[in-house]
Amino acid sequence: MQANSSPAANPSSGWSGRFDEPVAEIVKRYTASIPFDYRLAEFDIAGSLAHARMLAACNVISAQDLADIERGMTTIQAEIAAGKFEWSLDLEDVHFNIEKRLTALVGDAGKRLHTGRSRNDQVATDVRLYTRAACDNVAMLLVKLQQSLVALAEQHAETILPGFTHLQVAMPVTLGHHLMAYVEMFARDHERMLDCRKRVNRSPLGAAALAGTTFPIDREMTAKALGFDAVCRNSLDAVSDRDFAIEFLNACTITMMHLSRMSEELILWMSPRFGFIDIADRFCTGSSIMPQKKNPDVAELVRGKMARVQGHLVALTTLMKGQPLTYNKDNQEDKEPLFDTVDTITQTLIIYADMVGGIRVKADRMRAAAREGFATATDLADYLVRKGVPFRDSHECVARAVKAAEVKGVDLSDLSLAELQAFSPVIADDVFAALTLEGSVAARKHIGGTAPERVLAEIALAKARLASL
Ligand code: ARG
């Protein structure tokens, strides 16, 4: 192509008029977003239809133009659904691809669609609609995961395992209580997702390139048509900021962090050293060289994928940090981290809810572990306090009893009454009720405690809450 051949320098682009030579091939590939932003198509079409209907209602385009645009968009939707739409790299992004196809289908009406709008408010609108749908889907999947955890917790409201601090045996807890701890975390994640949705769900449409438009548009109308709760109140901010996406990635990162913690526990619990659980075969893989291996790959990969999602969060905050107002091409880089986060967290949550349902609990192994490590030492200390010994003294006295039991290689509950009385004369034979695992957990029946009766009450509350969502 010759220089000065404008406007044919790049005849298919939406902006070739003032250019003297075509964009270099490598630059075209470098700057194009169509390889990934085609995923915004359904939202782009929804935004365009809302915009066109508003333009017609405000007498900026004719009723005939609107009818043509609607007809063309119906065809385009069908082509995309059938996998027949031809995405062209020459057309840079999803917005130009659809607009050019529309014009090819319906002529001038297609060219009028972009009146009073820019790709800057268009892309911001598309990304918000995409993120809103993701918020809803992730929130729904978080509910399913909680339901799966609650079901397992209910089966194990009385199953006892050691609770840990510093990964050292601390006190006996019920497995139901342990699982319900994750339900609390995912309940907050769900809340965070819906809270984030409020700030995602505002309409940038009408901000145009950056300063608004000279056409008599009705922004409230497009906002309402697209289900937005409100309009962005400042056009410069509307086309520029991506904090709503950052907030979403942050919420996803926290969820992945919770899933990663749980994965770490499942991995430990499945190790023969613990032997607390078995994860269903369909979530595990074997080793090509060690025939005995059954690896908890899914849990490990979830732990790994947390890093990936957190990386996306860091990418997006870094992407924004040096940008002057308003839109800069940098913003095109918001999409891949966002899309990949949505794909990753969606698959993770679906698999996880199913995997939790497939956990086989080895209650005997848990119980045996709870009997090691003097898990009821605090119960003995509390017992002495109830008999009038000041807590600090009872703590010291129990520490000595633990040392003696350790030397003897037995649990505190295995010491005889006479042996225990050597540490404190107030100890009577009712001490053994406090030293059993059942006695220990049953005593912690206040709100937030590990007692089976309390756990069952919390499960009932959680079930009612989840059913009402
Ligand atoms: N593909 C662009 C993006 O993803 C669309 C907006 C382009 N706007 C512009 N003025 N170049 O951000």
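Counting convention: from 1, in listed order, for ligands and their atoms alike. Below, all heavy atoms of this structure are taken into account, side chains as well, without hydrogens, waters or symmetry copies.
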(message) Taking distance alone, with N or O pairs closer than 3.5 Å, would you say Gln332 contacts ligand 1?
(response)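 By distance alone, the answer is yes.
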
(request) May I ask you to check whether Lys335 has an N/O atom sitting below 3.5 Å from an N/O atom of ligand 1? (result)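 Min N/O separation from ligand 1 is below 3.5 Å for Lys335.
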
(request) Report yes if the distance between the aromatic ring centroids of Tyr38 and Phe85 is under 6.0 Å, otherwise no. (result)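 No, too far apart.
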
(message) With no hydrogens and no angle check, just 3.5 Å: does a side-chain donor-acceptor pair link Gln332 and Asp93?
(response)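 No, no side-chain donor-acceptor contact under 3.5 Å.
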
Could you tell me whether a side-chain N or O of [X] sits under 3.5 Å from a main-chain N or O of [Y], the two making a donor and an acceptor?
X: Arg128; Y: Asn201; answer: no
X: Thr165; Y: Ala170; answer: no
X: Asp237; Y: Arg233; answer: no

(message) Suppose I only count heavy atoms of Ser33 and a 4.0 Å limit; which atoms of ligand 1 are within that range?
(response)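 Result: 1 (N).
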
(message) Under a 4.0 angstrom heavy-atom cut-off, which atoms of ligand 1 come close to His95?
(response)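 Once the distances to His95 are compared, the set is 5 (C).
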
(message) Any atom of ligand 1 sitting under 4.0 Å from a heavy atom of Gln122?
(response)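 Distance cut 4.0 Å: Gln122 fails for ligand 1.
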
(request) Would you check whether Glu92 reaches within less than 4.0 Å of ligand 1, judged by its heavy atoms? (result)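 Glu92 does not count as a contact of ligand 1 under the 4.0 Å cut-off.
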
Protein contact of [atom] - nearest heavy atom, named by residue and atom, plus distance:
atom: atom 10 (N) of ligand 1; result: Asn120 OD1, 3.0 Å
atom: atom 11 (N) of ligand 1; result: Arg119 NH2, 3.4 Å
atom: atom 6 (C) of ligand 1; result: Tyr327 OH, 3.5 Å
atom: atom 5 (C) of ligand 1; result: Asp93 OD2, 3.5 Å

(message) Using a strict threshold of under 4.0 Å (side-chain N to carboxylate O), is an ion pair present between Lys198 and Asp229?
(response)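 Between Lys198 and Asp229 there is no salt bridge, as every charged N stays at least 4.0 Å from the carboxylate O atoms.
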
(request) Report yes or no: is the cationic atom of Arg197 (NZ for Lys, CZ for Arg) closer than 6.0 Å to the six-membered ring centre of Phe248, at no more than 45° off its axis? (result)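 No - Arg197 does not lie over the ring of Phe248 by the 6.0 Å and 45° rule.
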
